[in-house]
There are 2 protein chains.
Amino acid sequence: MAKKGQKTETELRLFEAALRVFGDKGHYGANTQEIADQAQVTKASLHYYYRHKDDLYEAAFEYAIGKVSENLYTHIQEGMSAEETLRTFCDRVIRFYHDHPWLIKMFIHECLNGGKIGRAYIVELGLEEGKPLSRFIENINRAVERGEIRPVDPYQLFFTTLGSCAFPIVTQSLFSSLFPELREDPSAFLLARREHVFETIYFGLTPSS
Amino acid sequence: MAKKGQKTETELRLFEAALRVFGDKGHYGANTQEIADQAQVTKASLHYYYRHKDDLYEAAFEYAIGKVSENLYTHIQEGMSAEETLRTFCDRVIRFYHDHPWLIKMFIHECLNGGKIGRAYIVELGLEEGKPLSRFIENINRAVERGEIRPVDPYQLFFTTLGSCAFPIVTQSLFSSLFPELREDPSAFLLARREHVFETIYFGLTPSS
DNA sequence: GTCTATATCTCGATAGAC
DNA sequence: GTCTATCGAGATATAGAC
C-alpha cells in the first residue's frame with residue numbers, strides 16, 4: 001500500500017501526520033497514538049495501512065529525503081559559478097529549513113540514532129553523475145580549476161556551508177535563551193543568515209577582500 | 001545525594017554510565033536498565049541514588065555543559081585577536097567533539113526535544129561579563145572596532161563557526177555513506193576541518209585574499 | 001476499511017527482604 | 001545500600017465484529 005502509486009484519502013492523512021510527528025520527535029520520541037490522532041483515525045487503522053511503526057517511519061523518511069533533494073539541490077544548476085552555487089545553496093537551505101524545520105529535525109534525529117534506517121534512502125542524494133549532490137561538488141571543483149576560488153576540498157566546503165545554515169535552526173530551542181537577537185525575532189535572525197553565511201564563506205572576514 | 005560533594009563509588013559508576021547512555025541516545029532513547037547494566041548495578045539501586053530518571057538526566061546534562069564550557073570556552077582569552085579567537089575555537093571544538101562525540105550528541109538531542117530540561121543549565125555559558133561565551137563575542141566586537149576584520153554580527157559568526165565544526169560530527173553516521181573521504185578515514189577528515197574551517201571563515205574563498 | 005477491545009511488551013518506579 | 005519481585009502506565013500490535 002505505502003509503495004503503490006495512489007494513496008486513499010485516509011492513508012494520505014496518516015502519511016502527512018507521520019511526517020509532522022516523526023519530523024518533530026524522531027523515530028523513538030514519536031508514538032503511533034499521536035500520529036493516529038492527528039490523522040483522525042484509530043491506531044488500528046494506522047496498522048491496517050502500515051503494519052509496523054517502522055514501515056511508516058521509512059515511508060516518511062524516504063519522502064522527506066525526496067523533498068530535501070527537490071528543494072535544496074535541484075536549484076543548483078550545472079555550470080554555475082562558485083558564487084552562484086553558494087548563494088543559491090545558502091538561500092534555499094535557510095529558507096526551506098526555516099519554513100519546514102521538522103525536515104531537518106527528522107534528518108538530525110536519524111543521524112543521532114545511528115542512521116541505521118535512513119542510510120538506505122540517503123543514497124538518493126548521491127555523488128554520481130546527475131545526482132543532486134554531485135552538482136554542488138562539480139561546480140566547486142570547476143571553480144577551483146579556472147581560478148574563481150582558491151583550492152578547497154569540496155566535501156569540506158559542503159559541510160561548512162550546510163552546517164552553517166542548518167545548525168542554528170536545529171539548536172534554536174536552546175541557544176535562543178542565550179542570544180537576544182535569536183530570541184526576540186528568530187525569523188529575522190535566521191533569514192539574515194542567508195547573506196551572512198554566503199559572505200563569510202565566500203569573502204571571509206579580512207577587510208582587504 | 002547527586003548534589004552533595006562526595007559520590008560513593010557506586011554512585012560514580014551510575015553517573016558515568018548515565019553520561020555515556022544519555023549522551024549517545026538522549027533523554028527518550030536512553031533507558032534506565034541500560035544505564036544500570038553499564039554501571040553493574042540493578043535498576044533498584046539506580047532509583048535509590050536518583051529517584052527519577054529525570055534527576056539523573058539533569059545531573060548528567062549539567063555536568064556535560066560544564067565540561068563543554070571548560071574545554072571549549074576557557075581557552076578563548078580576553079584580548080585575543082579575531083584570528084586567534086577563531087583558530088583556538090575551531091581547534092578546541094573539533095578536537096573535543098571528535099574525542100567526545102557523545103557530548104555534542106547529548107546537546108543536540110536536548111535541542112530536538114525542545115530544550116525544556118537543558119535550558120536551565122545552558123545559562124552557564126552566558127553572555128554576561130566573564131561568562132564563557134562573552135569572551136568570544138567581545139573579542140569579535142573589538143576586532144571589528146580596530147579594523148582587523150570587516151563589520152560582522154558576532155552572534156551570526158558564532159553560529160557559523162560552531163555549526164561548521166559540529167555539524168559533520170553530528171551527521172557523520174548518515175553522510176559517511178555518501179562521502180568517500182569521511183567514510184574511509186573519519187578522524188583524518190574531521191581533524192583536517194580545523195584548518196579548513198578557520199581558513200574558509202577568516203580568509204574566505206576568493207583567491208585575492 | 002474502520003472500529004472496539006485486548007493481548008503483549010517495555011519501561012520507570014516501588015515494596016520489602018536481607 | 002543492594003537485591004528480587006512486582007506494580008502500573010503507556011507503547012506497539014492484533015483479533016474479530018461490523
Side-chain angles (χ1 to χ4, degrees), chain A residues 1-61 106 109-110 112-114 116-118, chain B residues 1-61 106 109-110 112-114 116-118:
Chain A
M1 280 161 268
K3 296 280 183 178
K4 289 281 174 60
Q6 289 299 65
K7 287 186 171 70
T8 70
E9 200 237 326
T10 303
E11 186 178 359
L12 192 64
R13 281 210 315 278
L14 268 168
F15 184 76
E16 288 171 345
L19 282 174
R20 286 194 299 274
V21 178
F22 280 128
D24 191 36
K25 308 193 174 173
H27 180 267
Y28 289 109
N31 63 26
T32 53
Q33 183 66 65
E34 183 174 355
I35 295 172
D37 287 348
Q38 284 206 21
Q40 293 177 295
V41 296
T42 61
K43 272 189 301 179
S45 289
L46 183 151
H47 285 288
Y48 170 78
Y49 287 101
Y50 300 89
R51 195 95 151 74
H52 305 282
K53 181 186 182 183
D54 279 13
D55 299 334
L56 185 48
Y57 178 79
E58 289 190 33
F61 192 85
M106 173 181 264
H109 260 123
E110 179 61 21
L112 292 177
N113 291 338
K116 290 175 289 292
I117 298 176
Chain B
M1 280 160 269
K3 296 279 183 179
K4 289 281 175 61
Q6 288 300 63
K7 287 186 170 72
T8 69
E9 200 236 324
T10 302
E11 187 178 358
L12 191 64
R13 281 210 316 276
L14 269 167
F15 184 75
E16 287 171 345
L19 282 174
R20 286 194 298 273
V21 178
F22 280 128
D24 191 37
K25 309 194 173 172
H27 180 266
Y28 288 108
N31 63 27
T32 53
Q33 184 67 66
E34 184 175 353
I35 295 172
D37 288 348
Q38 284 206 21
Q40 292 177 294
V41 296
T42 61
K43 269 192 302 179
S45 288
L46 182 152
H47 284 289
Y48 171 78
Y49 287 101
Y50 299 90
R51 194 94 152 75
H52 305 282
K53 181 185 182 183
D54 279 12
D55 299 334
L56 185 49
Y57 179 78
E58 289 190 32
F61 191 84
M106 174 181 264
H109 260 122
E110 179 62 21
L112 292 177
N113 291 339
K116 290 175 289 292
I117 299 176

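Letters A, B, ... are given to chains in the order of the sequence lines, protein chains preceding strands, and every chain is numbered from 1.
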Here the pair of heavy atoms bringing B/Thr32 nearest to B/Leu46 is O-CD1, 3.6 Å
To the nearest Å, give me how far apart NZ (B/Lys53) and P (C/dT10) are. 16 Å
OP1 or OP2 of C/dC11 under 4.0 Å from side-chain N/O of B/Thr32: no
Looking at C/dT2, I'd like to know if its phosphate oxygens (OP1 or OP2) sit under 4.0 Å from a side-chain N or O belonging to A/Tyr49. yes
When A/Ala44 and A/Asn31 are each assigned the nearest nucleotide of DNA chain D, the 5'-most assignment goes to A/Asn31
Within the structure provided, determine whether A/Tyr50 and A/Phe15 are in side-chain contact (heavy-atom separation under 4.5 Å). yes
Rounded to the nearest angstrom, tell me the gap between atom CZ in A/Arg13 and atom P in C/dG1. 14 Å
What's the closest nucleotide to the side chain of A/His52 if the choices are C/dT4, D/dA13, D/dC3? D/dA13
Rounded to whole Å, CG of A/Asp55 lies from P of D/dT14 at a distance of 10 Å
Residues 16-25 of chain B, side-chain donor-acceptor partners within the protein, below 3.5 Å, at least two apart:
{"unit_1": "B/Arg20", "atom_1": "NE", "unit_2": "B/Gln38", "atom_2": "OE1", "d": "2.8"}
{"unit_1": "B/Arg20", "atom_1": "NH2", "unit_2": "B/Gln38", "atom_2": "OE1", "d": "3.2"}
{"unit_1": "B/Asp24", "atom_1": "OD1", "unit_2": "B/Lys105", "atom_2": "NZ", "d": "2.9"}
{"unit_1": "B/Lys25", "atom_1": "NZ", "unit_2": "B/Glu34", "atom_2": "OE1", "d": "3.1"}

Any A/Thr42 side-chain N or O less than 4.0 Å from OP1/OP2 of C/dT4: no
Are A/His109 and A/Tyr28 close enough that some pair of their side-chain heavy atoms sits under 4.5 Å apart? no
Check whether any side-chain nitrogen or oxygen of B/Tyr48 sits under 4.0 Å from OP1 or OP2 of D/dT2, and answer yes or no. no
What's B/Thr10 touching, base or sugar-phosphate or nothing? Going by heavy atoms closer than 4.0 Å. sugar-phosphate
Expressed as a whole number of angstroms, how long is the span from A/His47:NE2 to D/dG16:C1'? 16 Å
Could you grab the distance from atom NZ of B/Lys7 to atom CZ of B/Arg13, nearest 0.5 Å is fine? 14.0 Å
With a 4.0 Å cutoff (strictly under), does any side-chain N or O of B/Arg51 reach OP1 or OP2 of C/dG12? no
If you check every side-chain atom of A/Ser45, which of C/dT2, D/dT14, C/dA13 has the closest atom? C/dT2
Interatomic distance, B/Glu34 CD vs C/dC11 C1' [rounded to whole Å]: 13 Å
What nucleic acid atoms does A/Ala30 come within less than 4.0 Å of, heavy atoms only: base, sugar-phosphate, or nothing? sugar-phosphate
Interatomic distance where CG belongs to A/Asp37 and P belongs to D/dT12 [whole Å]: 11 Å
B/Leu46 CG to C/dG12 P, in whole Å, measures 9 Å
Let's see if you can work this out: which of D/dA11, C/dA13, D/dC3 has an atom nearest to the side-chain heavy atoms of B/Val41? D/dC3
Whole-Å distance, B/Gln33 CD to C/dC9 C1', equals 14 Å
